[in-house]
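Comments concern the structure below.
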Amino acid sequence: MEKVLSTTGKQQFNAQKVVVVGGGVIGIATAHYLIQKGFEVTVIEQKSVGSGSSFGNCGYICPSHMLPLAEPGMVKKGLVSLFNSQAPFKIKPQFRMALYRWLFQFAKRCNHNDMMEGGRHLKAILDDSRQEYESLLSNGSFEAQWKKSGLCYVMQSEGGLKTFASFSQLLSEHFNTKAQYIPGDDLPAFDPALKSGLAGGFHFQNDASLSPHELVHNWSKNLIESGLNVIENCRLTQVNKAGNRINSILTSQGEMVADYFVFATGAWSSHLASTLGCHIPVEPCKGFSVTVDRPEVCPQVPMLFTEHGVGVTPFDKTLRLGSMIEFSGFDSRIPKPRIDQLFNSASPYLRSNLSRKHEQAWCGWRPMTWDSLPIIGYVPGMKNSLLATGHNMLGMTLAPATGKMVASLVAGESTDIDSSPYSAGRF
């Protein structure tokens with residue numbers, strides 16, 4: 001930032017301008033930390049702020065999710081899904097070579113060593129983000145239904161319990177992430193919404209949850225009061241470069257000039273690869289959710305029913321079922337069988353029959369990288385443009401740490417954790 005002298009003779013700084021492209025939780029978090037460092041920030045969003053993947057997800061803030069999706073056995077699951085319409089992890093055949101190149105790189109990393117290395121890098125940024133959420137939301141500066149009740153993984157069968165016990169032991173021994181084991185007979189006492197006869201569960205007490213829509217809406221509203229400029233229904237159409245810098249961008253609402261540009265464009269980021277002159281291997285992965293009225297006996301804590309691939313989050317007035325991993329491009333259809341599957345998957349676990357009278361079905365696209373790590377940092381070869389994308393299924397969890405890292409990089413400061421594992425240059 002350029003130093004100037006005030007009328008009092010003291011040094012001050014002229015605020016540099018930053019344009020953040022993308023108004024999801026990553027873009028809003030980035031704006032927050034940039035404003036904290038004195039930058040003048042504009043966020044542009046092609047639709048409305050928080051209307052994409054930040055809207056209808058399960059709202060988990062889950063440092064327990066440090067192991068990458070690319071783990072041993074995932075290739076087999078993907079192949080089996082070709083013949084199972086109800087597979088929670090599904091790959092739909094498509095005529096897109098980019099998908100098959102991505103899957104090839106993903107398959108190469110489905111081994112124990114790569115999984116453990118990826119887990120170490122994810123743990124660092126997950127733990128940092130969890131700390132940031134504590135600071136952001138525990139002081140009551142804005143409302144987001146922030147609940148520190150943990151996340152409970154519940155298993156129906158003894159086989160599923162045994163498999164998850166091995167996973168929990170690995171997290172404990174190698175990542176110092178411990179869970180409380182809950183025997184099946186104790187689950188109804190732990191949460192009265194659970195049926196009796198289940199095999200058991202593991203409660204990760206450091207996890208938390210929030211309402212994703214409320215978070216982004218109230219956070220952005222809070223920032224606007226602090227000087228953030230938000231332009232909705234504003235679509236990026238062109239990037240104007242000169243050498244190793246971006247001079248301006250053209251949008252559906254005119255040209256925008258800034259000192260720095262941050263692209264927090266989620267699942268659409270790969271569309272910018274040729275424009276920015278770098279490889280951005282982000283593949284859209286469709287997830288589903290359905291929100292219903294709160295049942296009479298409602299879960300008290302968020303839960304994951306791992307054997308059926310479905311998550312459950314209680315909010316103040318509603319209950320949300322969500323999950324599934326479907327590589328189907330930007331297919332925006334919400335097939336009724338997929339929503340039925342969410343209800344059918346939750347039924348073996350929950351005591352209450354869920355009313356579908358006011359159900360709200362939703363789908364969104366997660367920005368997946370083949371190594372499960374986000375892409376955070378400068379565009380290779382560029383001096384004033386950065387990427388903040390590729391957060392896979394952890395965008396809501398990783399938003400604060402991402403925003404803080406981007407702001408430090410723009411300000412020329414050292415980052416709290418090593419940023420190199422998340423660099424776009426790794427591709």
Side-chain angles (χ1 to χ4, degrees), residues 21-22 24 26-27 46-47 52-53 68-71 74-83 85 87-111 114-115 118 235-239 241 249 261-288 324-335 338 363-382 385-395 398 402 421-427:
V21 182
I26 301 298
Q46 62 180 342
K47 294 182 180 178
S53 290
L69 181 65
E71 61 181 23
M74 290 306 290
V75 173
K76 181 180 178 180
K77 287 183 180 180
L79 292 173
V80 170
S81 79
L82 297 173
F83 309 98
S85 62
F89 173 72
K90 186 166 182 60
I91 301 171
K92 286 191 172 182
Q94 302 158 56
F95 295 105
R96 290 193 306 113
M97 285 307 299
L99 170 63
Y100 298 107
R101 286 194 292 268
W102 189 98
L103 289 172
F104 174 73
Q105 293 293 337
F106 175 81
K108 285 170 60 177
R109 288 160 176 81
C110 289
N111 61 77
D114 283 335
M115 178 188 73
R235 183 172 52 86
L236 176 67
T237 59
Q238 185 177 315
V239 175
K241 295 190 297 184
I249 59 173
F261 298 85
V262 180
F263 297 92
T265 44
W268 289 266
S269 297
S270 61
H271 296 171
L272 294 170
S274 59
T275 299
L276 297 178
C278 68
H279 195 32
I280 310 176
V282 169
E283 186 64 28
C285 174
K286 193 175 179 180
F288 298 89
M324 288 190 265
I325 302 168
E326 184 175 291
F327 288 92
S328 54
F330 286 103
D331 178 2
S332 61
R333 292 173 295 178
I334 305 177
R338 273 305 207 186
C363 74
W365 294 281
R366 310 172 179 107
M368 307 294 285
T369 58
W370 57 53
D371 61 3
S372 296
L373 297 178
I375 305 171
I376 309 169
Y378 278 93
V379 175
M382 300 295 289
S385 59
L386 298 91
L387 291 166
T389 184
H391 291 80
N392 295 267
M393 296 177 288
L394 294 170
L398 294 177
T402 297
Y422 320 108
S423 166
R426 71 184 190 269
F427 302 114

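- Remark: Leu103 CG to Cys110 SG distance equals 9.5 Å, nearest 0.5 Å.
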Worked check of side chain to side chain contact (heavy atoms under 4.5 Å, CB included) between Leu386 and Val379 = CA-CA 5 Å; Leu386 298 91; Val379 175; 5.8 Å; no
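- Tyr100 is linked by a ring-ring contact (aromatic ring centres under 6.0 Å, His included) to nothing, counting only residues two or more places apart in sequence or in another chain.
- Taking all atoms of both residues into account, the shortest heavy-atom contact from Ser328 to Gln94 is CA-NE2, 3.4 Å.
- Side-chain contact between Glu283 and Leu99 is present, with heavy atoms from C-beta onward closer than 4.5 Å.
- Put simply, CD1 on Ile325 and NZ on Lys90 are 13.0 Å apart, with the number rounded to the nearest 0.5 Å.
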Side-chain polar contacts of residues 270-281 - donor-acceptor pairs under 3.5 angstrom, sequence neighbours left out - could you list them?
none

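- In this structure, Asn392 contributes its side chain and Leu394 its backbone to no donor-acceptor pair below 3.5 Å.
- More than 12 heavy atoms of other shown residues, nucleotides or ligands fall within 6.0 angstrom of atom CZ in Phe330.
- In terms of modelled atom types and a separation under 3.5 Å, the side chain of Ser372 and the main chain of Leu69 share a donor-acceptor contact.
- Taking 4.5 Å as the limit, some side-chain heavy atom of Pro335 sits within range of a side-chain heavy atom of Phe288.
- With Trp370 contributing its side chain and Ala107 its backbone, the two residues share no donor-acceptor pair below 3.5 Å.
- The heavy-atom pair separating Gly364 from Ser53 by the smallest distance is C-OG, 3.9 Å.
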ask   = Can you list the steps and then say if Ser269 with Phe263 is a side chain to side chain contact (heavy atoms under 4.5 Å, CB included)?
value = CA-CA 8 Å; Ser269 297; Phe263 297 92; over 6 Å; no
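- Taking the ring-ring contact (aromatic ring centres under 6.0 Å, His included) definition, one finds that Phe327 meets it with Trp102, sequence neighbours left out.
- In the displayed structure, Lys241 atom NZ is contacted under 6.0 Å by more than 12 heavy atoms of other residues, nucleotides or ligands.
- Residues Lys92 and Glu326 are in side-chain contact: their nearest non-hydrogen atoms beyond the backbone lie under 4.5 Å apart.
- Sequence neighbours left out, the pairs with a member in residues 371-382 that pass salt bridge (Lys or Arg N to Asp or Glu O under 4.0 Å) are Asp371-Arg426.
- The shortest non-hydrogen separation linking Ile375 to Ala424 is CG2-CB, 3.7 Å.
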task = May I have the step-by-step check of side chain to side chain contact (heavy atoms under 4.5 Å, CB included) for Met74 and Phe106, ending in yes or no?
result = CA-CA 9 Å; Met74 290 306 290; Phe106 175 81; 4.1 Å; yes
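- For Arg366 against Lys286, the heavy-atom pair with the smallest separation is NH1-O, 3.4 Å.
- Residues meeting the ring-ring contact (aromatic ring centres under 6.0 Å, His included) test with Phe261, sequence neighbours left out: none.
- Here the shortest heavy-atom pairing between Pro367 and Gly266 reads CB-C, 3.4 Å.
- Of all non-hydrogen atoms in His391 and Ala388, the two that sit nearest each other are CE1-C, 3.8 Å.
- Contacts classified as salt bridge (Lys or Arg N to Asp or Glu O under 4.0 Å) and involving residues 98-108 (residues at least two apart or in different chains) are not found.
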